[in-house]
Amino acid sequence: MAFTLYSLLQAALLCVNAIAVLHEERFLKNIGWGTDQGIGGFGEEPGIKSQLMNLIRSVRTVMRVPLIIVNSVAIVLLLLFG
Amino acid sequence: MADPHQLFDDTSSAQSRGYRAQQAASGLGYPATSTLPQAAFLADPVSNMAMAYGSSLAAQGKELVDKNIDRFIPVTKLKYYFAVDTVYVGKKLGLLVFPYLHQDWEVQYQQDTPVAPRFDVNAPDLYIPAMAFITYILVAGLALGTQDRFSPDLLGLQASSALAWLALEVVAILLSLYLVTVNTDLTTIDLVAFLGYKYVGMIGGVLMGLLFGKMGYYLVLGWCCVSIFVFMIRTLRLKILAQAAAEGVPVRGARNQLRMYLTMAVAAAQPLLMYWLTFHLVR
């Protein structure tokens, strides 16, 4: 039951890293989740799949630079303190 | 202890002497000499200037914090959630334990803003969740103590564990609300308030478990679980399924069905978490 805030932060970092490594051209297009394939017109409801694709694309765009910083800090801390 | 004349010349020792004299009496005779160095401290022009500079620095820092605090913590919005009184707290606690007879679950509005919790028992507040969380930690410490398993760092572990589950719940629900494109006025703080109401049931369960053993724990926890389930469904139905619920029409259509599933999932997660966070405390 040692579910601490620190482990939550670690899990969140790993999840965001996992989303950031999904490559647009090599992977997402091949499974039909590329962002140019998703927009289904101007209907009212985007639907879950296009919401997910939007989310992935925005996470990748926004978190690119902060992830570099946070990952470097995490690597240094883990090297120093195990 | 020291020569008072020396304090006039050496301002640094006068400052430190004055500061130490202002601290709680350490019983070493400082209270006896405290008036003398303080008089010397205040009369010296250089230390006067230093004091004025220090106080202006403090005032500037306070201004800076006051200006920028609103960027990080929405203080004015938080004040709304703490505008409670005893009658509201009593009624809300009763509602959390026995929501079956309450008829009208709508929050009253007053010119586009929700009414303060003091005036409407349906409005969410942060007082009960905050108090319940702290009480839960204390009760957990009590329970661990009666089983000889207590150590002070376990309290911190319980606290951060419960906070971590709360954060995870909030993130999961916000994510699913985004994916299902619900147009709701459910803010994050509202969500934290609703998710914090389960601590009340948890406290009741653990206390009954301490008094009456496992049977008491299961009975009270079962009752509180069902009550929280009904409470969450009735409250969230109004927020998430706004249009359909307002007309009283039973929900139809794929989109409304998805929203209904989401509401039921959120409500069902509450009893699970209530059990998960308390079962190890009652033996």
Side-chain angles (χ1 to χ4, degrees), chain A residues 1-22 24 27-28 31-64 66-67 69-71 73-74 77-78 81-82, chain B residues 133 136-137 140-141 143-144 147 149 151 153-184 202 206 240-241 243-244 253-259 261-262 265 272-283:
Chain A
M1 251 282 293
F3 182 35
T4 59
L5 280 173
Y6 177 64
S7 59
L8 191 66
L9 280 176
Q10 272 189 323
L13 183 63
L14 287 175
C15 281
V16 180
N17 272 334
I19 297 184
V21 298
L22 298 173
E24 187 70 45
F27 176 67
L28 292 178
I31 60 170
W33 276 31
T35 48
D36 50 349
Q37 306 163 336
I39 310 164
F42 292 108
E44 341 166 322
E45 17 178 310
I48 296 192
K49 184 171 159 195
S50 67
Q51 287 287 93
L52 255 181
M53 289 178 342
N54 263 334
L55 185 65
I56 293 180
R57 187 178 55 144
S58 15
V59 166
R60 295 187 68 233
T61 321
V62 168
M63 297 300 278
R64 192 154 285 179
L67 261 186
I69 303 174
V70 176
N71 275 331
V73 168
L77 284 180
L78 282 173
F81 300 118
Chain B
F133 180 72
Y136 161 72
I137 310 241
L144 288 173
Q147 299 160 22
R149 283 192 292 154
S151 78
D153 48 333
L154 274 186
L155 271 186
L157 194 62
Q158 284 286 335
S160 66
S161 176
L163 267 182
W165 278 111
L166 189 69
L168 191 63
E169 262 194 288
V170 171
V171 168
I173 294 181
L174 282 177
L175 185 68
S176 36
L177 280 178
Y178 170 76
L179 287 180
V180 180
T181 53
V182 169
N183 284 330
T184 167
M202 282 156 62
V206 175
I240 299 186
L241 294 163
Q243 306 118 334
R255 212 162 138 232
N256 274 336
Q257 221 177 21
L258 205 55
R259 293 182 179 184
Y261 283 152
L262 177 67
L272 286 176
L273 274 174
M274 283 169 73
Y275 179 69
W276 182 259
L277 284 172
T278 51
F279 78 98
H280 62 285
L281 293 174
V282 179
R283 291 270 171 94

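Worth saying up front: this structure is predicted, and the values here are computed from it rather than measured. Just so we're on the same page: letters track the sequence lines, and every chain starts at 1.
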Chain A: which of B:Ala164, B:Ala159, B:Ala162 shares the most heavy-atom pairs with it under 4.5 Å?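 Top count of heavy-atom pairs under 4.5 Å with chain A: B:Ala164.
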Quick check for you: among B:Leu163, B:Leu168, B:Leu175, B:Leu179, which has the greatest number of heavy-atom pairs under 4.5 Å with chain A?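 Highest number of pairs under 4.5 Å: B:Leu179.
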Given heavy-atom pairs under 4.5 angstrom as the criterion, report whether the side chain, backbone, both or neither of A:Leu9 touches chain B.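 It is neither, since no heavy atom gets under 4.5 Å.
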Residue A:Leu8 versus chain B: region with a heavy atom under 4.5 Å: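 The side chain, not the backbone.
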Is B:Tyr178 atom OH crowded by more than 12 heavy atoms from other residues, nucleotides or ligands, each under 6.0 Å away?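 More than 12 within 6.0 Å, yes.
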